[in-house]
Protein chains: 2
Amino acid sequence: MTDDRLSTIFAALADPTRRAILARLAEGDATVNQLAEPFSISLPAISRHLKVLEHAGLITRSRTAQWRSSSLQAEPLREATAWMDRYRQFWDESFSRLDVHLRRIQSEEEKP
Amino acid sequence: MTDDRLSTIFAALADPTRRAILARLAEGDATVNQLAEPFSISLPAISRHLKVLEHAGLITRSRTAQWRSSSLQAEPLREATAWMDRYRQFWDESFSRLDVHLRRIQSEEEKP
DNA sequence: ACGTTAATTAACGAGAATGTTAAACAAAGG
DNA sequence: CCTTTGTTTAACATTCTCGTTAATTAACGT
């Protein structure tokens, strides 16, 4: 199957190490060594994870001297959330019947 | 790495066929054959996708005679969204500095 | 009982993901 | 220059993932 953008994003998020890296980056930019520190896996492994995150657009990277700093870019998370929002009516208790109806109508209109 | 619940959910969502199946189920319950119809892949392949979705809690299944009906359960999407919400401040333009500050404070307090 | 319909399991293969260690590259700094 | 520090690339092993076809299970209808 075609590996669209959403697939790349979700696949990137499917790994606990990568999610932990994103959590760390939420506190501020960090170098590869800093990101690797909490984990018991090798540096090359972290390096690959960062490449996956970068490819998904979840981080950007900059170089200063021999250090490569990673920076969180949460925009893809917004896209993922936007996709999930289509299903909000299926879990959100506060959704009234009218809300659901209006959503259904709207999604019908969006189809053509 | 440990395959926690969130990983299972994101991994399930990483496949376009599975997301299309969820989209179909949002319109109503369906049998395996009905779900397979739009795709050019074999029935066993669909069957496996359904097992992945079921394992992630994204669908439940019931049997009536020889038909197996799948039903959307979006609760895992709520969990996934909840996780992503921690990063909302990194993409949501409408987030004020105060909001961000309060979120930061709160997440600090949550830290035992 | 027997055949039909619906779906799953079994057995297999190609390719992707994740990890390792060893070697290479890049920049800083004596 | 040559070494140290930070990071990536290469080469490889192992384990998933996703697909296939063939066989099997389950329930219905005659």
Side-chain angles (χ1 to χ4, degrees), chain A residues 1-22 24-25 28-72 76, chain B residues 1-25 28-72:
Chain A
M1 268 284 155
T2 4
D3 187 41
D4 58 338
R5 180 158 178 71
L6 226 30
S7 294
T8 307
I9 295 167
F10 281 130
L13 296 176
D15 186 283
T17 302
R18 285 195 289 265
R19 288 200 308 280
I21 288 174
L22 294 180
R24 166 64 186 80
L25 290 176
D29 295 3
T31 67
V32 179
N33 267 300
Q34 288 170 337
L35 291 173
E37 197 269 323
F39 303 103
S40 55
I41 60 178
S42 68
L43 225 39
I46 297 292
S47 192
R48 283 163 176 279
H49 280 307
L50 291 176
K51 197 175 287 180
V52 172
L53 289 170
E54 187 176 25
H55 184 239
L58 285 159
I59 64 170
T60 52
R61 316 183 72 185
S62 60
R63 154 168 265 154
T64 314
Q66 68 263 61
W67 295 277
R68 297 222 160 185
S69 184
S70 293
S71 184
L72 183 64
Chain B
M1 265 287 151
T2 3
D3 186 39
D4 58 337
R5 178 155 178 72
L6 227 31
S7 295
T8 307
I9 295 166
F10 282 129
L13 296 175
D15 186 284
T17 302
R18 286 195 288 265
R19 289 201 307 280
I21 288 174
L22 293 180
R24 167 62 187 79
L25 290 176
D29 295 2
T31 66
V32 179
N33 267 299
Q34 289 171 337
L35 290 172
E37 197 271 322
F39 304 104
S40 55
I41 62 178
S42 67
L43 224 39
I46 297 292
S47 194
R48 282 162 179 277
H49 280 308
L50 292 177
K51 198 175 286 182
V52 172
L53 290 171
E54 186 176 26
H55 185 238
L58 285 159
I59 63 171
T60 53
R61 316 183 72 185
S62 61
R63 154 169 265 155
T64 313
Q66 67 265 59
W67 294 278
R68 299 219 162 185
S69 184
S70 293
S71 183
L72 183 64

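Hydrogens, waters and symmetry mates play no part in the numbers below; they use all other heavy atoms, side chains included. Every chain is numbered from 1, with letters handed out A, B, ... down the list of sequences. Since this is a predicted model, take the numbers as computed values, not measurements.
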Partner residues of [X] under the side chain to side chain contact (heavy atoms under 4.5 Å, CB included) criterion, sequence neighbours left out:
X	result
A20(A)	F39(A)
Q66(B)	none
R19(B)	D4(A), L6(A), S7(A), F10(A), W83(A), P16(B)
E37(B)	none

- Task: From the options dT20(C), dA27(C), dG19(D), select the nucleotide whose nearest atom is closest to the side chain of A65(A).
- Result: dA27(C)
Quickly work out the [X] [atom1] to [N] [atom2] distance and round it to whole Å.
X	N	atom1	atom2	result
D15(B)	dA17(C)	CG	C1'	15 Å
L35(A)	dT8(D)	CG	P	10 Å
I41(A)	dA13(D)	CD1	P	21 Å
L53(A)	dA17(C)	CG	C1'	14 Å

List, with names and distances, any nitrogen or oxygen atoms from the protein found under 3.5 Å away from nitrogen or oxygen atoms belonging to nucleotides 3-8 of chain C.
from, atom 1, to, atom 2, distance (Å)
dA6(C), O3', Q66(B), O, 3.4
dA7(C), OP1, V32(B), N, 3.3
dA7(C), OP1, R68(B), N, 3.2
dA7(C), OP2, N33(B), N, 2.9
dA7(C), OP2, N33(B), ND2, 2.5
dT8(C), OP1, R61(B), NH1, 2.9
dT8(C), OP1, R61(B), NH2, 2.7
dT8(C), OP2, S47(B), OG, 2.5
dT8(C), O5', S47(B), OG, 3.2

- Item | L13(B) backbone acceptor or donor facing R18(B) side chain under 3.5 Å |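 No, R18(B) side chain to L13(B) backbone: no donor-acceptor pair under 3.5 Å.
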- Query: Which residues satisfy the side-chain hydrogen bond (donor to acceptor under 3.5 Å, both in side chains) test with S42(A), sequence neighbours excluded?
  - Reply: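 Listed in chain order: nothing, the list is empty.
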- Query: Can you find a side chain N or O atom of H49(B) that sits less than 4.0 Å from OP1 or OP2 on dT17(D)?
  - Reply: no
